[in-house]
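See below for the structure under consideration.
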Amino acid sequence: MTVVTRFAPSPTGFLHIGGARTALFNWLFSRHHGGRFLLRIEDTDRARSSEAAVRAILDGLSWLGLEWDGEPLSQFSRRERHAEVAQALLAKGHAYRCYCTPEELTAMRERALAEGRTIRYEGTWRDRDPGDAPKGAPYAIRLRAPTEGETVVDDLIQGQVRVGNEQLDDMILLRADGTPTYMLAVVVDDHDMGITHVIRGDDHLTNTFRQRQIYDGMGWDAPAFAHLSLIHGPDGAKLSKRHGALGVDAYRDMGYLPEALRNYLLRLGWSHGDDEIIPTEQAIAWFGLENVGRSPARFDFDKLASLNGHYMRQADDERLATLVMDRLPAVLGAAPEAGAAERIRRGMGHLKERAKTLIDLAEAAAFYARPRPLTLNDKALKILDEAGRRTVTEVGGAIAAAEWTAEALEAAVRGFAETRGLKLGAVAQPIRAAVTGSNASPPIFDVMAILGREETLGRLSDVAK
RNA sequence: GUCCCCAUCGUCUAGAGGCCUAGGACACCACCCUUUCAAGGUGGCGACACGGGUUCGAAUCCCGUUGGGGACGCCA
């Protein structure tokens with residue numbers, strides 16, 4: 001049997017991090033089994049769905065590298081099929097017409113609440129003669145759920161979960177306006193799409209019991225279910241939009257690489273012994289539902305950053321240079337100097353060693369793109385005191401005629417320091433401050449080599465005494 | 001309120017009854033390396049929520065308590 005999974009977001013906003021993990025696990029599972037990974041947009045709620053949100057979700061998935069098979073399916077486009085199934089259920093006697101008005105239902109809920117009873121549909125029309133209904137009155141179709149016994153779900157992650165049927169009321173399948181509810185639509189679509197494994201958030205676990213009853217009513221085999229525990233915020237609270245849940249685009253903007261986010265998300269709830277660095281190819285080879293944990297996890301930016309640092313060090317210099325150039329105008333507040341792209345490309349090997357995000361990287365690279373004279377930060381200013389400036393002046397003269405390579409420059413500066421009885425650091429730091437405007441930078445001789453003779457000497461003379 | 005799920009260092013986790021004096025990673029601290037900052041290396045700090053069982057033996061199994069989360073819509 002070919003494995004078919006799906007990711008089924010509702011287009012009411014961006015692709016948030018929890019959804020991204022759900023999508024990742026579905027994708028990984030299908031790829032591991034050589035199966036298919038489908039996309040379905042749950043847009044039956046027309047009022048809350050938007051094209052822009054669909055776009056944002058698709059973009060988010062693409063950026064994350066989770067390519068889906070085939071075209072995304074619009075759930076709304078299948079509304080007639082959903083209605084057809086509701087009618088079939090009606091014909092089989094597994095559903096019935098309910099003429100209650102929304103007002104009556106609200107009243108019913110409030111009464112239950114006031115009396116401290118469980119909020120459930122009381123089954124007003126379950127066994128009532130439809131002939132009692134006012135002529136031409138609108139009606140919804142409800143599932144005639146079993147009232148005795150229990151409904152059992154064998155969840156691949158949560159294990160066997162069961163609930164007494166008396167807990168479940170008769171849910172609406174088809175609204176009075178003829179549109180399907182989510183409960184009906186998911187079941188019909190998952191069935192028709194041939195989904196073999198439904199991997200989704202834990203918040204759907206209790207829904208599964210009711211969906212199970214629809215499968216049973218239609219005599220369909222239900223897919224296997226696997227419910228992922230939710231991701232919480234750093235404070236342990238639910239990661240909701242109100243609590244600052246972010247779309248994957250926000251993570252991109254914060255300078256994280258998609259492969260780092262994939263690795264991070266993978267380890268949130270899934271493990272393979274003590275392994276931490278798990279590139280995607282390896283993840284596909286290893287992934288399985290047996291190793292998914294059951295407890296909820298909190299989101300930890302520090303760990304993401306650490307992983308991101310790792311993947312940046314592995315990343316191709318050319319690619320990183322391009323990403324940095326994209327961000328540079330914002331960092332500089334101006335267009336980069338001519339030649340900046342080339343310098344940054346050449347300096348990337350050392351730059352990427354010392355950054356955790358692309359934001360760090362762009363900031364660290366900025367000195368390659370700034371115009372003279374450089375603005376010095378506080379630490380650089382402190383290094384370039386009276387003595388520091390004198391050192392810079394003298395060393396400028398000492399290296400002016402040197403061969404312009406990192407090795408030759410280092411030899412020249414070391415020689416200079418030795419003749420003055422200075423430690424290398426006492427010379428290198430003032431140079432660094434003058435050349436980069438900062439107290440911290442990639443190895444200074446490499447920086448000088450990349451900057452070139454003219455620019456380097458110019459920057460030195462800008463602060464010279 | 002009712003039902004469902006969860007519970008190992010601050011965080012992510014390993015752990016399938018003896019291999020556990022509970023391992024790894026992130027973060028933090030110290031040291032080493034070093035032209036700075038990183039990276040890297042070494043070491044340190046740090047957890048089985050609580051209470052009962054079961055068992056020769058429990059982080060692992062059972063029950064309860066507590067705590068956290070989720071679901072109870074003509075939303076998805």
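All chains are named by letter (A, B, ...) in the order of the sequence lines, taking the proteins before the strands, and each is independently numbered beginning at 1.
Nucleotide B:rU34 forms a pair with no other nucleotide shown, judged by Watson-Crick or G-U wobble geometry with both contacts under 3.5 Å. When Watson-Crick and G-U wobble pairs are counted only if both distances are under 3.5 Å, B:rA39 pairs with no nucleotide at all. Within the shown strands, B:rG64 is the pairing partner of B:rC50 under the Watson-Crick or G-U definition, both distances less than 3.5 Å. Pair assignment for B:rU21 gives none, since no Watson-Crick or G-U wobble pairing has each distance under 3.5 Å. Within the shown strands, nothing qualifies as a pairing partner of B:rC74 under the Watson-Crick or G-U definition with both distances less than 3.5 Å.
Relative orientation of the A:Y251 and A:Y256 rings is tilted, given thresholds of 30° and 60° on the angle between their planes.
Taking the ring centre of A:Y121 as origin, the terminal cationic atom of A:R142 falls inside the region bounded by 6.0 Å and 45° from the ring axis. A:R79 forms a cation-pi arrangement with A:F76, by the criterion of a distance under 6.0 Å to the ring centre and an angle within 45° of the ring axis. Both tests do not hold together for A:R414 against A:F416: distance to the six-membered ring centre under 6.0 Å, angle to the ring axis within 45°.
In this structure, A:N263 contributes its side chain and A:E259 its backbone to no donor-acceptor pair below 3.5 Å. In this structure, A:R432 contributes its side chain and A:P442 its backbone to a donor-acceptor pair below 3.5 Å.
Residue whose closest nucleotide on RNA chain B sits further toward the 5' end, between A:N439 and A:Q158: A:Q158.
Taking atom CD1 of residue A:I277 and atom P of nucleotide B:rG40, one finds them 9 Å apart after rounding to whole Å. At whole-Å resolution of the value, CG in A:L230 and P in B:rC6 are 14 Å apart. Look at CG on A:D275: it is 13 Å from P on B:rC26, rounded to the nearest Å. As rounded to whole Å, 23 Å separates atom P of B:rA71 from atom CZ of A:R162. Atom C1' of nucleotide B:rC4 and atom CD1 of A:I157 are separated by 16 Å, given to the nearest angstrom.
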Restricting to nitrogen or oxygen on both sides, can you table the protein-nucleotides 33-35 of chain B pairs closer than 3.5 Å?
unit_1, atom_1, unit_2, atom_2, d
B:rU35, OP1, A:R414, NH2, 3.0
B:rU35, O2, A:R432, NH2, 2.3

Tabulated below should be each protein N or O lying under 3.5 Å from an N or O of nucleotides 73-76 of chain B; please produce it.
unit_1, atom_1, unit_2, atom_2, d
B:rC74, O3', A:R175, NE, 3.1
B:rC74, O2, A:A176, N, 3.0
B:rC74, N4, A:C100, O, 2.5
B:rC75, OP2, A:R175, NE, 2.5
B:rC75, O5', A:R175, NH2, 3.2
B:rC75, O3', A:R175, NH2, 3.0
B:rC75, O2', A:D45, OD2, 2.6
B:rC75, O2', A:R48, NH2, 3.2
B:rC75, O2, A:R48, NH2, 2.8
B:rA76, OP1, A:T44, OG1, 2.9
B:rA76, OP1, A:R175, NH2, 2.5
B:rA76, OP2, A:R175, NH2, 2.7
B:rA76, OP2, A:Y182, N, 2.9
B:rA76, O3', A:E42, O, 3.1
B:rA76, O2', A:S10, OG, 3.2
B:rA76, N6, A:N207, ND2, 3.4
B:rA76, N1, A:N207, ND2, 3.4

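The two residues A:T405 and A:A449 have their closest heavy-atom pair at C-CB, 4.2 Å. For the residue pair A:A283 and A:L28, the shortest heavy atom distance occurs at CB-CD1, 4.2 Å. Across every non-hydrogen atom of A:L184 and A:A86, the tightest pair is CD1-CB, 4.1 Å.
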Next item on the list: Could you check A:Y215 against A:H191 for ring-ring contact (aromatic ring centres under 6.0 Å, His included), going step by step and ending with a plain yes or no?
Entry: CA-CA 9 Å; A:Y215 283 103; A:H191 172 266; 7.3 Å; no
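The base of B:rC37 is paired with the side chain of A:R354 by a donor and an acceptor separated by under 3.5 Å.
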Next item on the list: Report, as a single string ordered 5' to 3', how protein heavy atoms within less than 4.0 Å touch nucleotides 9-16 of chain B: B base, S sugar-phosphate only, - not at all.
Entry: --SBSS--
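Side-chain contact, A:H82 with A:D189: a donor N or O sits under 3.5 Å from an acceptor N or O.
For the P atoms, the distance from B:rA27 to B:rU42 is 16 Å, rounded to whole Å. A gap of 10 Å separates the C1' atoms of B:rA47 and B:rG10, to the nearest Å.
The 12-atom threshold is exceeded at CG of A:D316, counting heavy atoms of other residues, nucleotides or ligands nearer than 6.0 Å.
Between A:K356 and B:rA39 there is a side-chain polar atom (N or O) within less than 4.0 angstrom of OP1 or OP2.
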